[in-house]
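The block underneath contains the structure these notes are about, expressed in structure tokens.
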Amino acid sequence: TLQHASLEAECWKKANEKEETYEDHDVPLTIEVEIQPSWIPRIPTCQIDASWINNGSVSGLGWSLRDEMGSEYCGLRACNRSLSALHAEMEGLLWAASCMRDRGITSIRFETDCSDLVDMTTNPVDWPAFATEIEVFQRLQENFEDVSLSHIPRSRNGRADALAKEARTRGYAFSHIDQTRTDGDALRRIGTSVLHLI
């Protein structure tokens, strides 16, 4: 019984000891740390959209640019009503490309929720009615070292869409470009320019 009592006491002692924490400082961490926040693109990205209605007097154009430094720019413009919604989308692309060129941007990714606009630039022979506009875009492309146009879902193009609609609902021709910088989650305006067209 003495041996049994001794064994029981040792078991009780082990059960009540603090658990040892094993830390291995030599094992490297396998967590990948992203140097850039995911919301800052590696190359400037410009989302574009247009707003057009049958009985409207103007078409609305909008673009939203986010550059690799975390700065954001936006542009909205109302111009004489285009022949169709697709013509308005093309006008929006041409205006955005001109603005990017004028800002001295040499690499740019354009994004649109209009799949026909993407097809128009990749298969121009299939769109003879837009031959002139496509030629203008091709000339604008020569100003960039790296340029692309890709399709994104409408749900991801909300800012450009809102800008285009706001421009159209004003009902008169104008052009406006604004710059904001991201400070955490807040946007701070750091520059603006407005051009009213007659």
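- Of the options Asp126, Asp119, Thr121, a side chain to side chain donor-acceptor pair (under 3.5 Å) to Asn123 is made by Asp119 and by none of the others.
- A tilted orientation is assigned to the rings of Phe174 and Tyr172, their planes being inclined by 30° to 60°.
- Cluster annotation: Met90 is not connected to Ile53 through the hydrophobic network of ILVMFWY side chains, with a link wherever side-chain heavy atoms come within less than 4.5 Å.
- Closest of all the heavy-atom pairs between Ser57 and Gly171 is OG-O, 3.7 Å.
- Taking 4.5 Å as the limit, every side-chain heavy atom of Pro44 sits out of range of all side-chain heavy atoms of Met100.
- Thr112 places none of its side-chain heavy atoms less than 4.5 Å from the side chain of Leu93.
- Checked by atom type and distance alone, the side chain of Ser115 never pairs as donor or acceptor with a backbone atom of Asp113 at under 3.5 Å.
- There is a path of hydrophobic side-chain contacts, each under 4.5 Å, that joins Tyr73 to Phe144.
- Using modelled atom types, one side-chain atom of Arg81 and one backbone atom of Asn54 make a donor-acceptor pair closer than 3.5 Å.
- How far CG of Leu117 is from CD of Glu133: 11.0 Å, rounded to the nearest 0.5 Å.
- By the criterion of side-chain heavy atoms lying less than 4.5 angstrom apart, applied directly or through intervening Ile, Leu, Val, Met, Phe, Trp or Tyr residues, Val125 is not grouped with Phe137; the two fall into different hydrophobic clusters.
- Interatomic distance, SG of Cys46 versus CG of Leu149, reported as 10.0 Å (0.5 Å rounding).
- Cluster annotation: Val147 and Ile152 are assigned to distinct hydrophobic clusters (Ile/Leu/Val/Met/Phe/Trp/Tyr, side-chain heavy-atom contacts under 4.5 Å, transitive).
- A donor-acceptor pair under 3.5 Å is formed between the side chain of Thr169 and the backbone N or O of Lys165.
- Arg159 places a side-chain heavy atom less than 4.5 Å from the side chain of Glu72.
- If you take CD1 on Ile108 and CG on Leu65, they are separated by 5.0 Å, rounding to the nearest 0.5 Å.
- Looking at every heavy atom in both residues, Ser51 comes nearest to Arg168 through OG-NE, 2.6 Å.
- Nearest heavy atoms, Ala78 versus Ala167: CB-O, 3.5 Å.
- Leu94 and Ile134 fall within the same hydrophobic cluster, defined by Ile, Leu, Val, Met, Phe, Trp and Tyr side-chain heavy atoms under 4.5 Å apart, directly or through other members.
- Glu166 contributes atom CD, which lies 11.5 Å from atom CG of Asp161 (distance to the nearest 0.5 angstrom).
- Atom CD of Glu111 is separated from atom CZ of Arg66 by 11.0 Å, given to the nearest 0.5 angstrom.
- Of the possible donor and acceptor atoms, none in the side chain of Asn157 sits under 3.5 Å from a partner among the backbone N and O of Arg154.
- Not a single donor-acceptor pair under 3.5 Å links the side chain of Asp146 to the backbone N or O of Thr106.
- The two residues Leu163 and Trp63 make their nearest non-hydrogen contact at CD1-O, 3.4 Å.
- Taking CG from Asp178 and OG from Ser64, the interatomic distance works out to 11.0 Å, rounded to the nearest 0.5 Å.
- Inter-residue side-chain proximity for Trp95 and Ile48 is flagged as unmet; no heavy-atom pair is nearer than 4.5 Å.
- Among all heavy-atom pairs drawn from Cys79 and Leu61, the shortest one is SG-CD1, 4.0 Å.
- Remark: the backbone N or O of Ser82 is paired with a side-chain donor or acceptor of Trp52 at under 3.5 angstrom.
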